[in-house]
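One structure is given here, and the rest of the page talks about it.
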Amino acid sequence: MKIISSIDELRDQMRGQLRTAFVPTMGNLHEGHLSLMRLARKHGDPIVASIFVNRLQFGPNEDFDKYPRTFHADVEKLEKEGVYVLFAPTEKDLYPEPQQFRVSPPNDLGGILEGEFRPGFFVGVTTVVLKLFSCVQPRVAVFGKKDYQQLMIVRNMCRQFALPTEIIAAETYRAEDGLALSSRNAYLSEPERAEAPALYRTLNEVAAEVRKGQPDIFTLERDSMASLAARGWKPDYISIRKRIDLQPPSAGDIAQGEPLVVLAAAKLGATRLIDNLEI
Ligand code: PAF
């Protein structure tokens, strides 16, 4: 595996490659990331992964400085997955001058859910993803459904900018007890780690109620947040949305079987976890 940090060197290395499958990451790789690499392999060749902790997508009080950085262990894992190039730029490589041009997702998609609680997050994500795509020039790129809203925003960005990159969605990779794998799980204490699967259990309970035909989604959302709060969580949201545009469904949408997804974000101690479940 070639490890490349400069954009020019990456371009030289990738010249003529027309079927590149790309998996962007912020490192601290776990089985979830490796499952993205395996899915990438089914859709293209060679595989390029990136590791870049993107300052632009962190708020001033968020965990940019303490975000886990495990470069050497990550390299070993990617080698085993047969990744051809690891693009690991420094901040100077990727942002040699202040990144003044930014991508601005529409407010009805970028300003809701995660966008409401993490202002600027999706501007940071789409800006770096567009720049990484411009460097790697992938034919396909794989994103996990765990970051459901991110996946949808990136997909819409590609469509609206007519980028030649197809976005492939990967199922969320879960631990045996249901907890979605995430680099931020590393922040959990032992008792918090034992409690963490309650988030996914709650999503399953909400989904089961909706499937049974419970039409009062407001009450469902409120009660499920209250039950998490009673267990010591601080929920930001538990929200039932239409899969197509992440807007709230009407009673008619629910009655007509509109495909839905329930999304959640909640803090357990100092750690903010997100998860979702398609209904
Ligand atoms: O999902 C992530 O790890 C990041 O948001 C991404 C897509 C690598 C952009 O920094």
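Counting convention: from 1, in listed order, for ligands and their atoms alike. All values below were derived from every heavy atom in this structure, side-chain atoms included, with hydrogens, water molecules and symmetry-related copies excluded.
Defined by atom type and a distance below 3.5 Å, a donor-acceptor pair is missing between the side-chain atoms of Arg201 and Asn204. Judged purely by distance below 3.5 Å, without hydrogens or angles, the side chains of Asn54 and Tyr95 pair a donor atom with an acceptor atom. Judged by distance alone, the side chains of Arg184 and Ser182 never bring a donor and an acceptor atom under 3.5 Å apart. Tyr187 and Glu192 share no donor-acceptor pair across their side chains, judged by distance under 3.5 Å alone.
Side-chain contact between Asp63 and Phe58 is present, with heavy atoms from C-beta onward closer than 4.5 Å.
A ring-ring contact (aromatic ring centres under 6.0 Å, His included) check over residues 224-247, counting only residues at least two apart or in different chains, returns the pairs Phe117-Tyr237.
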N/O contact list for ligand 1, threshold under 3.5 Å:
{"unit_1": "ligand 1", "atom_1": "1 (O)", "unit_2": "Gln150", "atom_2": "NE2", "d": "2.8"}
{"unit_1": "ligand 1", "atom_1": "5 (O)", "unit_2": "Gln57", "atom_2": "NE2", "d": "3.0"}
{"unit_1": "ligand 1", "atom_1": "5 (O)", "unit_2": "Gln150", "atom_2": "OE1", "d": "2.8"}
{"unit_1": "ligand 1", "atom_1": "10 (O)", "unit_2": "Gln57", "atom_2": "OE1", "d": "2.7"}

